[in-house]
**Q** 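I have a structure here, written as structure tokens, and I will follow up with some questions on it.
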Amino acid sequence: MPDADAPPYRYNAALAADIEARWQARWDADGLYETPNPLGQLASDRGLDGPKLFVMDMFPYPSGSGLHVGHPLGYIATDVYVRFKRMAGFNVLYTMGFDAFGLPAEEHARQTGQHPRINTESNIDNMRRQLDRLGLGHDQRRGVATTDVDYYRWTQWIFLQIFNSWFDPDARRARPIAELMEEFSTAARSTPDGRAWDDLSEAEQRELVDGHRLAYVADAPVNWCPALGTVLANEEVTTQGRSERGNHEVFKRPLKQWMMRITAYADRLLEDLDRLDWPESVKTMQRNWIGRSEGALISFPASTSPDGPMSDIEVFTTRPDTLFGTTYMVLAPEHPLVEELTAEAWPSGTPDSWTGGAATPSEAVAAYRARASEMSDADRSDSKSGVFLGAHATVPFTESQTVPVFVADYVLMGYGTGAVMGVPGEDQRDREFAEAYGLPVVRTVQPPPDHPADLAYTGEGPSINSRFLDGLDVEASKALILERLQAAGFGRSTVNYRMRDWLFSRQRYWGEPIPIVHDEHGPVALPEDRLPVELPELVDWAPRALARDSEPEPPLGRVTEWVDVELDLGGGSRRYRRELNTMPQWAGSCWYYLRYLDPRNDDHLVDPDVERYWMADPEPSGVGGVDLYVGGVEHAVLHLLYARFWHKVLYDLGYVSGPEPFKRLINQGYIQAYAFKDGRGIYVPADEVDGSLREGFAHDGQPVTRELGKMGKSLKNSVTPDDMYASYGADTLRMYEMFMGPIDQDRPWETRSVVGSQRVLQRVWRNVVDEETGELRVIDDGPDDELLRLLHRTIDGVSSDMEGMRFNTAIAKLTELNNELTKRGSGAPREVADAMIRMLAPLVPHFAEELWSRLHGSDAGSVTQTEFPVADPALLVTDTVEVPVQVNGKLRGRVTLPADAGEEAAVSAALAEPNVAAHVDGRELRKKLYVPGRMITLVV
RNA sequence: GCCCGGAUGGCGGAACAGGCAGACGCAGCGGACUCAAAAUCCGCCGCCCGCGAGGGUGUGAGGGUUCGAAUCCCUCUCCGGGCACCA
């Protein structure tokens, strides 16, 4: 490093460190980034200036391993944008919290014996230190951690609101459960079996009401992971049927679990996507996740013998028009009708391939089910297999068309009704099954002549072999068959969703306790004044790695003195057993944006007026919510869908002013980094590799190969912000990250390029400050006309780039302006320096503060509180323009024209240009065109 | 298999509404300053032909629309991401 004999006032890492520390201390002392609320504890007598803006990053999990340079990319981008908007006159709410419950802290605690809270808090401190060094303009008073008791008290409060609500399908919204009970008790709504409310026992009343709640207990097949000692949500299990964390084995077990009725909101979650300013890819992922499909429910009477008792097999299908192509039926292995429809013995003539080699249907079914339960969903998907139950079903509208009933694992219990009608002519999966078991194939839609005979046909065409549907196209056939099915009582149209209800409970310690106690009839909500339900201190808190065949057991069950409580919840003191499950990590992140608004409010989750000020949409048709939310695309579905769901419930119950939490979403790209492997395929530390793409890369003299990947320990290619602070300073790091490319794009990190951003800042510095003396180099003469016009074009371009978050091009324009100053070599004219420093302030705030105070004196105040420069429109228009000339589509020259020149004048000027004239060469002009200021086109 | 993105110099990227392709930065080359080096400043920098003026060619490939296409349309290739027996 050449710093030893560098000029004393050069802007380098040492000076940057000094400047950054000094200004950060002053910002803190002045509370510069504290944002006032219209009322309440965070109100300020300085009042609310300008329109509001709420900008937010997805808050981080405070991991123990610290940050690499990829982590703060989004935070820097929002900070630059927020600073720009503040200078443009907005009252901006911008802060940062921590998503601190969850598995990693508990896993760490399990290995070290240290309580998760201690580890979590030290991680938060460390992460704060690394982030603070970047100079982010957060309102520090508003940050929350989901593990704060004052915070999770309100997470529990929201749970109670959800528990105490039901979804009214007629009103299409949540309503208080008390209103449902009122309707039952006044007979405005009848009970399922028609008895009067008062004739139901307490147990019956409770069961009826509990079955309507938005949070409910259900016996669900869950993913039990003994190695982690917990139940996992479907989305935490990989497609290989292992745990996403740790890659452990996962088994299906039935268990009483808390569920959230998100499916009730499926249509609203789907519809409102159209009103959001989100990346199209994220909306598409959510649409696919919800998976709405319109179809029909159809009942097939089935029995194990022609004169035996009948059971109805109900199927869901999107193609009711293909009903008459049904040649068999399939039940999922877990389907409840499998027992009833398993015959005593194989009917005569049953092919051997249908029996699975078993002596009786029940043996075959038992063996098949046992095998299916052992297999992961991925293994199940490979080939079509199944066994015959010995039963037959009758196709509706036919007396005689009976078809065999199979159990097969290509039908999933979790989708539709867990049963399908097998139509091998029109569905390729059914076709494959039919071929494996020698079942007949009947086409019900006429395929085009070139359609292969051995493939199902899923396209359009007239119905055939379908009785009264023959000749109708697919859509008309669907309509008619539905009408007939409905009239005959065999079925009806319905809408099915891929999305399931949200499995909400976890058998963990380090999560929010669910504020519920149980009596002999089931769950009872704790009253709000009993919140928070604090996590008990637990000495033996560690989850236990359990045997494969173990049953799920929550750690809280070990705190016996906590589990059993005596409470008076009205009607006298009695004993209850506490809920032992805790909430999933998603819970705390579902609503943190609301607490940012009013973090110290002890009476409300958020004051309604404060909520309205920050969240209500200025457009009457708008959805409201956070104005800009920035984060990784990995949260495209789960976090964003769960948060939308909770927000809609709170909206229905009147606690928030709009239907959506996040109005605009941007996914920042990832910073990737090159990783290097030696001849053995082992990664070598990337910072020890020499060479280039052309001459090849080497480590310790041995050739290595290069690949691009995620930054991290495993690829040995991490670069930490601390390294960059030490070599260049935080402002250079900020500028480099913003200069690398558009915010939403992945990009490879290249440490050797960072110096370019530092050199740009050094050139700016030199145009304002003398490196040798530290004196100002600014000149008091006004800029000449050319420079003044360049300045205003820069102001204009930088403003719109900042507004559009195109910080890379904003930096390029500022660099051009500064390069022009450097070229002149005389120090910056004061007016230009002033504007340039203000334009730099959002990007490199410490650097700009330092130059600002040198330019205007130490009591000039913060540059961040000045106005962003505004371009003078008069200086953006020019008298003359240089216009390119095309002849027959090829560029042949340029001419300078008055800006208001007409086509005739432009064309004659073009023809006067020698090179243009040479190419026209006296030939006839067939076409002439002048796009003012842009292009002259001649065709000869 | 289906659904989204994307492909521009040696590299990251720019061209915002169909109008000068390659802004800005990195790397590279040349020059000034220096005893020398570093730093800094000035210049060059897609490819081919040409001393030059200039010409040809060029935005993954092929075709189309247009006076004019990186940009719009069709076909294809490759890369990244998501979903995946969803009836």
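A, B, ... follow the sequence lines: proteins, then strands. Residue 1 opens every chain. Predicted model only: the values in this text are computed from it and were never measured.
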**Q** At less than 4.0 Å, is any side-chain N or O atom of A/Lys890 found next to OP1 or OP2 of B/G55? Yes or no.
**A**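 It does not, given that no N or O in the side chain of A/Lys890 lies less than 4.0 Å from OP1 or OP2 of B/G55.
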**Q** Taking the same atom, C1', in B/C4 and in B/U40, what whole-Å distance lies between them?
**A**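 One C1' to the other, the span is 49 Å.
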**Q** For the side chain of A/Asp801, counting heavy atoms from C-beta on, which of B/C24, B/C16, B/C41 is nearest?
**A**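 Out of B/C24, B/C16, B/C41, the nucleotide with an atom closest to A/Asp801's side chain is B/C16.
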**Q** In whole angstrom, give me the gap between the P atoms of B/G68 and B/G58.
**A**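 It works out to 15 Å between them.
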**Q** Heavy atoms from C-beta onward define the side chain here; which of B/A87, B/G19, B/C24 lies closest to that of A/Leu929?
**A**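 Of B/A87, B/G19, B/C24, B/G19 is nearest to the side chain of A/Leu929.
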**Q** Using the P atom on both, measure B/A61 against B/G9 and round to a whole Å.
**A**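 The answer is 10 Å between these two P atoms.
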**Q** How far, in whole Å, is B/A27 from B/A38 if one measures between their P atoms?
**A**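 Comparing P positions in B/A38 and B/A27 gives a spacing of 13 Å.
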**Q** Which is more 5' along RNA chain B, the nucleotide nearest A/Met285 or the one nearest A/Thr822? Just name the residue.
**A**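 Checking each residue's closest nucleotide, the 5'-ward one belongs to A/Thr822.
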**Q** Are A/Lys384 and A/Phe433 in a cation-pi contact, defined as NZ or CZ under 6.0 Å from the six-membered ring centre and within 45° of the axis?
**A**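 Cation-pi check for A/Lys384 and A/Phe433: fails.
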**Q** Is atom OH of A/Tyr9 surrounded by more than 12 heavy atoms (other residues, nucleotides or ligands) closer than 6.0 Å?
**A**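 Check fails, neighbour count at 12 or below.
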**Q** Using a cut-off of strictly less than 4.0 Å, decide whether A/Thr815 has a side-chain nitrogen or oxygen near OP1 or OP2 of B/A23.
**A**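 Answer no for this pair, as no side-chain N or O of A/Thr815 is under 4.0 Å from OP1 or OP2.
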**Q** Roughly, in whole Å, what's the span from CD1 in A/Ile743 to C1' in B/G13?
**A**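 After rounding, the gap between these two atoms is 15 Å.
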**Q** Please determine if a side-chain N or O atom of A/His919 lies less than 4.0 Å away from the OP1 or OP2 oxygen of B/G55.
**A**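 The answer is yes; a side-chain N or O of A/His919 sits under 4.0 Å from OP1 or OP2.
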**Q** If the threshold is 4.0 Å, N to carboxylate O, is there a salt bridge linking A/Glu280 and A/Arg287?
**A**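 A salt bridge links A/Glu280 with A/Arg287.
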**Q** Closest approach to the side chain of A/Thr809, judged atom by atom: which nucleotide of B/U40, B/A14, B/C24 is it?
**A**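 For the A/Thr809 side chain, the nearest candidate turns out to be B/A14.
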**Q** Please tell me if A/Arg892 has a side-chain N or O lying less than 4.0 Å from either OP1 or OP2 of B/A53.
**A**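 For B/A53, neither OP1 nor OP2 has a side-chain N or O of A/Arg892 closer than 4.0 Å.
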**Q** For A/Glu816, which contact category applies under a 4.0 Å heavy-atom criterion: base, sugar-phosphate, or nothing?
**A**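 Sugar-phosphate contact only - A/Glu816 comes under 4.0 Å of backbone atoms but never of a base.
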**Q** OP1 or OP2 of B/A23 sitting under 4.0 Å from any side-chain N/O of A/Asn808?
**A**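 No, because none of the side-chain N or O atoms of A/Asn808 sits under 4.0 Å from OP1 or OP2 of B/A23.
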**Q** For B/G25, take OP1 and OP2 only and decide whether either is under 4.0 Å from a side-chain N or O of A/Arg752.
**A**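 Checking B/G25 against A/Arg752, no side-chain N or O comes under 4.0 Å of OP1 or OP2.
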**Q** Roughly how many Å apart are B/A70 and B/U57, using the P atom of each and rounding to a whole number?
**A**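 Going atom to atom, P in each nucleotide, I get 14 Å.
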**Q** On RNA chain B, does the nearest nucleotide to A/Arg759 precede the nearest nucleotide to A/Ser293 from the 5' side, or the other way round? Give the residue.
**A**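 Taking each residue's closest nucleotide, the earlier one in sequence belongs to A/Arg759.
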**Q** Within the supplied structure, the quantity of interest is the number of heavy atoms (other residues, nucleotides, ligands) at a distance under 6.0 Å from A/Lys928 NZ; does it exceed 12?
**A**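 No, NZ of A/Lys928 has 12 or fewer neighbouring heavy atoms, counting only those of other groups under 6.0 Å.
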**Q** Can you tell which of B/G19, B/A87, B/G25 lies closest to the side chain of A/Thr937?
**A**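 Within the option list, the nearest is B/G19.
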**Q** Ignoring backbone atoms, test whether A/Gln745 places a side-chain nitrogen or oxygen under 4.0 Å from the OP1 or OP2 oxygen of B/G6.
**A**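 Result: no.
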**Q** If the cut-off is 4.0 Å, is A/Arg10 near the phosphate of B/A38, judged by side-chain N/O to OP1 or OP2?
**A**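 Indeed not, no polar side-chain atom of A/Arg10 lies that close.
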**Q** Checking all strands, does A/Thr417 fall into the base, sugar-phosphate, or nothing category for heavy-atom contacts under 4.0 angstrom?
**A**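 Contact class for A/Thr417: none.
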**Q** Taking B/C73 as the reference, what is the distance to B/G18 when you measure between their P atoms (whole Å, please)?
**A**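 Between the two P atoms, the distance is 11 Å.
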**Q** Can you measure from CZ (A/Arg793) to OG1 (A/Thr878) and round to the nearest 0.5 angstrom?
**A**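 So the gap between those two atoms works out to 8.0 Å.
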**Q** For A/Asn915 and B/G55, is the shortest distance between a side-chain N/O and OP1 or OP2 below 4.0 Å?
**A**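 So the side chain of A/Asn915 is within the cut-off, an N or O lying under 4.0 Å from OP1 or OP2 of B/G55.
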**Q** Please measure how far the P atom in B/C16 lies from the corresponding atom in B/C33, and state the result in whole Å.
**A**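 Those two atoms are separated by 43 Å.
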**Q** Which of the following nucleotides, B/G13, B/C67, B/A87, is nearest to the side chain of A/Arg747?
**A**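 The nucleotide sitting nearest to the side chain is B/G13.
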**Q** Any ion pair linking A/Asp427 and A/Arg319 (charged N to carboxylate O, less than 4.0 Å)?
**A**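 Looking at A/Arg319 and A/Asp427, the cut-off is not met.
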**Q** Select one nucleotide: of B/A84, B/A87, B/C16, the one nearest the side-chain heavy atoms of A/Val411.
**A**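 The closest nucleotide is B/A87.
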**Q** From B/A87, B/G43, B/G19, pick the nucleotide closest to the side chain of A/Met935?
**A**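 Selected nucleotide: B/G19.
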**Q** Just wondering, are more than 12 heavy atoms of other shown residues or ligands nearer than 6.0 Å to CZ in A/Arg934?
**A**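 Result for CZ/A/Arg934: open.
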**Q** Using atom C1' of each nucleotide, how far apart are B/G31 and B/C24 to the nearest Å?
**A**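 Per the computed distance, 23 Å lies between those C1' atoms.
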